[in-house]
Amino acid sequence: MSDLEHLKELIGERKEMAEFLDEALSAVEQSDSLESLERVRVEMLGKKGKVSAIFRGIPSLPPSERPVLGEIANTLRRVLSDEIARKKSVLLAEEEREKLSEAALDVTLPGRRKRLGHKHLLSSVIDEIISIFLTLGYRVEEGPEIELDYYNFEALNQPAYHPARSLQDSFYVKRRDPEKNYPDDVLLRTHTSPVQIRVMESDSPPLYVVSPGKAYRRDEVDATHSAVFHQVEGFAVDRDINMGHLKGTLEVFIKKLFGEKREARFRPHFFPFTEPSAEMDISCFACSGKGCALCKGSGWLEIMGCGMIDPNVFGYVSYDPERFSGFAFGMGVERIAQLKYGIDDMRVFFENDTRFLEQF
Ligand code: PHE
């Protein structure tokens, strides 16, 4: 016989007690949260609760009634606390189920793609230029952006008094030690050519080298100028290198970079560190040589400076100009990217507007 059946037997005809039992059981059953169940527990079984009141009433009953009422109160307490515990575990299980369903994971939803960055257009163009020269057997070397006057000018055949120095307005860097009275001999390199000297100083021919990097000039920023820009330098030093090697190499290069249809031409020019010097032009993409706005009517686009390395430069690195000769060239990466992709304003390379950058 269960406790409840036993209790009902004990209660028998005691109407008030039977009603209390029914009420108490239905109050437990109807609790719909752990909080309301706890309120019912306190109301029934707490120190000031109804069951305690029954216990307290026993002494004032006729002696014959007392043992039965005592057993009723004890059984009642046991039945109610069992019922409350059972109900509590039901409510806990419900709460758990609700929590789980809120946190449900819908495995049929598509995943969220992580946005990856990608190469800046200038980096891609540099990579493309470099990879063409790698296929021609060149190696890559880099030099410092903060450079000594010696490498940037002097060893490139531009001694202090040389008028060509004023061609390039430079950013000089102060060396800060008042004790030492350093000369103004450090600057942000104005071109990548000092890498020629650094490599020739430490290695001997044959040399086939390309060198990408930043260069700095005191230029007003506009559609075609920037105080910082990128160059790729290249040079070769070996026995019997002549102008034909220079032209052949650069013609192969521009056809690989811009397509087989591009023609190249070489115009005489001047650089202190090459003799003879030239500028290379390529036939205009827009008009194929007829003359248009892009090429300003000439049919040609200027693309880089180049020339045969001046024997004076070899003097600075102790190469014997009777044994070795070489050529060098230097190109502006922004200009090449602008021409290749039809970009008319150089500032977009540095503004980092992702609407521009994402197109490449
Ligand atoms: N350094 C030159 C410039 O910045 C380019 C150049 C490089 C010319 C190598 C000749 C040879 O204008």
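Whatever order the structure lists ligands and atoms in, that order sets their numbers, starting from 1.
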By number and element, which atoms of ligand 1 are closer than 4.0 Å to a non-hydrogen atom of [X]?
X    : value
S193 : 1 (N), 7 (C)
G330 : 6 (C), 7 (C), 9 (C)
A328 : 9 (C), 11 (C)
F329 : 7 (C), 9 (C), 11 (C)

For this session: Find the distance between OG1 (T354) and CD (Q359) and round it off to the nearest 0.5 Å.
Result: 10.5 Å
Exercise. Applying a 4.0 Å heavy-atom criterion (strictly less than), which segment of C306 is in contact with ligand 1: side chain, backbone, both, or neither?
Worked result: backbone
Exercise. Looking at ligand 1, does any of its N/O atoms fall within less than 3.5 Å of an N/O of T190?
Worked result: no
Exercise. Quick one: does H191 get an N or O within less than 3.5 Å of an N or O on ligand 1?
Worked result: yes
Exam field: side chain [X] to backbone [Y], donor-acceptor pair closer than 3.5 Å:
X    : Y    : value
N157 : P272 : yes
S226 : F229 : no
R217 : T190 : yes

Exercise. How far apart are the C-alpha atoms of H191 and F271, what are their side-chain angles, what is the distance that settles it, and do they pass the ring-ring contact (aromatic ring centres under 6.0 Å, His included) test?
Worked result: CA-CA 12 Å; H191 51 180; F271 297 103; 9.0 Å; no
Problem set entry | Set of residues satisfying salt bridge (charged side-chain N to carboxylate O under 4.0 Å, His left out) with respect to K340, sequence neighbours excluded | E128
Exercise. Less than 4.0 Å between a side-chain N and a carboxylate O, is that true for K99 and E102?
Worked result: no
For this session: Could you tell me whether ligand 1 has any atom less than 4.0 Å away from a heavy atom of Q231?
Result: yes
Exercise. Quick one: does F235 get within less than 4.0 Å of ligand 1, heavy atoms only?
Worked result: no
Exercise. Out of Q196, M304, R217, E279, whose heavy atom is nearest to atom 3 (C) of ligand 1?
Worked result: R217
